Amino acid sequence: MENNFVFMFDQSESGMKELLGGKGANLAEMTRIGLPVPYGFTITTAACNAYYDAEKVISPEVESQVLQSLQVLEEKTDKKLGNPTNPLLVSVRSGAVHSMPGMMDTVLNLGMNDETVKGMAELTNNARFAYDSYRRFIQMFGNVVLDIENYFFEQQLEEIREEKGYQSDTELTAEDWKEVIEAFKSIVLKNTKRSFPQDPKEQLFLTIQAVFDSWNNKRAILYRRLHQIPGHLGTAVNIQSMVFGNMGEDSGTGVAFTRNPSTGESKLYGEYLINAQGEDVVAGIRTPQPIATLKDEMPDVYQQLVNTCQLLEDHYKDMQDIEFTVERGKLFILQTRTGKRTAQAAIRIAVEMVKEKIMDQREALLRVDPDQLNQLLHHRIDPEYKREKLAAGLPASPGAATGQVVFDADEADKLSKEGKKVILVRPETTPDDIHGIVAAQATVTSRGGMTSHAAVVARGMGKACICGCDSLKIHLDSKQFAVGDTTVNQGEIITIDGSTGEIFLGEIPMIEPELSDEFQLLLRWADEERKIGVRANADNPTDAAKALEFGAGGIGLCRTEHMFMDASRIPTVQSMILSETTTERKESLDQLLPMQQQDFEQIFETMQGHPITIRLLDPPLHEFMPDKEELLVDVTKLQITSPDSNELQEKQTLLRKVRLLEESNPMLGLRGCRLGMIHPEIYEMQILAIFQAMSNVMKKGITVKPEIMIPLVSHVNELKEMRELVIRISQHVQTETGLAFDYLIGTMIETPRAALTADQIAEEADFFSFGTNDLTQTTFGFSRDDAEGKFLQHYVDSDVLKRNPFVSLDQDGVGKLVENGVKLGKATNPALKTGICGEHGGEKESIQFCFDLGLEYVSCSPFRVPSARLAAAQSTIRSERKKSRKEPQYS
Ligand code: ADP
Ligand code: MG
Ligand code: MG
């Protein structure tokens, strides 16, 4: 059929969802499998798009196809639209490809007019029902098609109810409804300057047009933006003969889920209302009843419903969300779709459906959204005790926490050592505050975005964090913050929810994270399927243990700078940095060596032979130094109070040195391997610590597999020099201990030049780890903090960029460099191991991309490991399915 814009429910074939929309496709499917679906037809999304292309005109072609289909419907139902003695009534229902619940419009009882209402009254022998249905139609049509605010109708109805002294709508008689109808018609006349259209065909086409238009109402546009649904898809329109749940006590309407959408329990779940139509259940005018009582009220219908739900679930092989109506004891199904569910329910349903043999493990793995899993790994506020929030910021790191407010990191550290639970509240955080973030249950900042320092660090540690809560006015001097006229002092208890960004006064009970048996089982299935490794970023033994617990196969990034940040070490680190001579520097390094060595020993022991990628020192040195501005204030104060003091002299010297370290662009300055090139003694100490730790742990009979990673290489010669350094020291330790080390040397690919010359670099590297955080910064030329603070949101909002490239890997640009890097690298060094670290390593689309490029592993923060394991399995399954579809099929 050429240009078919309309399909009868029994005429289309499976797999036409793009054209018929979700609702239409499922109505057709249900019709074909013989379920009691009121008959009808679907006008395709292509017709909607043609409508928009023609500047919002329904083409004669579409019009005539609609009229033809209407005729088929009339024959099949043995009724006629507009026929006074035997009228057909229809619903006109929107239905896009992606379900957009409640975003677009639906009109019921179309075909009602002054004549047909009489026919309906006679036919059903129920005048009250007929006039009630007519007034509903005027109201819905008035609202949806004629754009009259529903409020006018509701107010009018209320007035009449009061006048008659009625409590509820059920008391209105047929005569009362007639009065309401006249009043409603006046509302239409007053608001549109024309009378309510009596011609059912005119009603029909006006409504079709209104449904097309609703594709572009504000709500729908916003919803699409939020869910990344393209705007060009358009909506289909379903025209369906009406069935009536409002015909009396043997009728009703309801919603059912085939399983509990909140817990996943395999038990029918839902609500219904007797003697009601469509939207009454959601409208909240009457309280619906739980589905279980239907069993007593209408046992036959209930049994039919149970059977139908079973059938639909078996057919779609997924939990279904079903709309049904009962007309005089007969059940009709009006809609089915895949039901939305919590993470907990998603897992339970997937696992149980495999046990019930509804699907296999691979299918079950595809059914759970990896993003959702994070919900389950953190404490949550018990919803039963939730109260009004004090303020809200950005939900920077999920999880909930309660504690007393503190305003500085040292205080947080001190109190937590005393066993107190604290929440660190800061205008923003710097690396100096890390110990405070570690000590606190959660961190709140009034400035900064989702990827500000506090947020990144907190997420990495799996600690709750709220950022950019600008309604908090923080007064560090008086140790208090204010929100409006509420003031909170240091020591007062607050509760925060990092998943929503909400802050509450006082304590709210928590629910423990649920690592249910089903969850563990699903992840084991994922491990069986996935062909890409998942490692974790972990800098200390605690995180390393967490990583293993969550199923990481190793550490993909162990940052050594955090080992310098410990409050007790900072002075030594600072004197190391401030040393005037190499000898002086070596003295401080000698003090740091045993500390680092001990850190490594602990991590090696924890990891029990799993590989560990250790990155040598990376950040610019000034990050370890006191804040310049604070020093300046101190110096100025001391100049007034004690101008001759030693303290002043010391601070002045310190200030001078801090100024010397200052760089105009630290991100591109003396950092990464450049530190090792200029101050090799720093890297020497770290390498020595690694190998001495390695030999000590090996002596205990534990396998150790370090992979030493040189950061920020942009030229092969840098790596060459650093590699020689590593080899020299390892040989030294091996000779000394008589042990033979098994280890790798590699580099982080995080500058475009490194990716472009990966063939040269690979000759000096055993592995590449793509540091896509910095690679994104250096490829875009964006400094992340500035970008996220100043313009990135605008870029995403205005579609300049589809997504934040720091969250989801920019496949077109940064991805090309990664692809190129892998290809070039493997060309000169086929044994080269490749992986990715950086926040993209835990994001599902980036994981799919890495898998397709053939990377050996992804690495992400320990708390994202479970979700990455699932995403990795999904990538493997999807890619294999795609491949098998491409291969020729022989039967
Ligand atoms: P939404 O997409 O907002 O759920 P629907 O098109 O599903 O809108 O319509 C809302 C409700 O209207 C349905 O749940 C159903 O109760 C009622 N309805 C729609 N079509 C019919 C019909 N042909 N007969 C009876 N009720 C209907
Ligand atoms: Mg619906
Ligand atoms: Mg980097």
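The first residue of the sequence shown is numbered 1, and numbering continues consecutively from there. Quick caveat, the model's predicted, so the values are computed rather than measured. Both backbone and side-chain heavy atoms feed into the values below; hydrogens, waters and symmetry mates do not. As the structure lists them, so they are numbered: ligands from 1, and atoms in each ligand from 1.
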K.L.:
Any salt bridge between Glu845 and Arg803, counting N to O under 4.0 Å?
P.N.:
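Looking at Arg803 together with Glu845, the answer is yes, because their closest N to O distance falls below 4.0 Å.
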K.L.:
Quick one: NZ on Lys76 to CD on Gln71, what's the gap to the nearest 0.5 Å?
P.N.:
15.0 Å
K.L.:
If the threshold is 4.0 Å, N to carboxylate O, is there a salt bridge linking Lys330 and Asp300?
P.N.:
no
K.L.:
Mind checking whether Thr106 contacts ligand 1 via backbone (N, CA, C, O), side chain (CB onward), both or neither, at a 4.0 Å heavy-atom cut-off?
P.N.:
side chain
K.L.:
Taking only heavy atoms of Gln335 into account, list the atoms of ligand 1 that are under 4.0 Å away from them.
P.N.:
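Ligand 1 atoms under the 4.0 Å threshold to Gln335: 4 (O), 7 (O).
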K.L.:
Polar-atom distance check: Ser94 versus ligand 1, any N or O pair below 3.5 Å?
P.N.:
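There is no such contact.
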K.L.:
Only one of Arg136, Arg128, Arg161 forms a salt bridge (charged side-chain N to carboxylate O under 4.0 Å, His left out) with Asp169, so which one is it?
P.N.:
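Testing Asp169 for a salt bridge (charged side-chain N to carboxylate O under 4.0 Å, His left out) against Arg136, Arg128, Arg161 leaves exactly one candidate, Arg161.
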K.L.:
Using a plain distance cutoff, I'd like to know if Leu108 has any nitrogen or oxygen under 3.5 Å from a nitrogen or oxygen of ligand 1.
P.N.:
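Checking ligand 1 against Leu108, no N or O pair falls under 3.5 Å apart.
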K.L.:
Under 3.5 Å, is there a donor-acceptor pair between the side chain of Lys23 and the main chain of Ser94?
P.N.:
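Such a contact is found between Lys23 side chain and Ser94 backbone.
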K.L.:
Do any nitrogen or oxygen atoms of Arg93 lie less than 3.5 angstrom from nitrogen or oxygen atoms of ligand 1?
P.N.:
yes
K.L.:
Answer yes or no: is there a side-chain heavy-atom contact under 4.5 Å between Leu311 and Ile33?
P.N.:
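Yes. Closest side-chain heavy atoms under 4.5 Å.
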K.L.:
With a 4.0 Å cut-off on heavy atoms, does Ser241 reach ligand 1?
P.N.:
yes
K.L.:
Does Lys23 come within less than 4.0 angstrom of ligand 1, counting non-hydrogen atoms of the residue?
P.N.:
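Contact check Lys23 vs ligand 1: positive.
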K.L.:
For ligand 1, indicate whether the residue Glu323 contacts it via side chain, backbone, both or neither (heavy-atom separation under 4.0 Å).
P.N.:
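The answer is the side chain.
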K.L.:
Taking backbone and side chain together, does Gln335 place any N/O/S atom at a distance below 2.8 Å from the Mg ion (ligand 2)?
P.N.:
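Of the N, O and S atoms in Gln335, at least one lies under 2.8 Å from the Mg ion (ligand 2), which means yes.
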K.L.:
For a ring-ring contact (aromatic ring centres under 6.0 Å, His included) check, start with the C-alpha distance between Phe244 and Phe129, then their side-chain angles and the critical distance, and finish with the verdict.
P.N.:
CA-CA 9 Å; Phe244 298 96; Phe129 154 76; 4.9 Å; yes
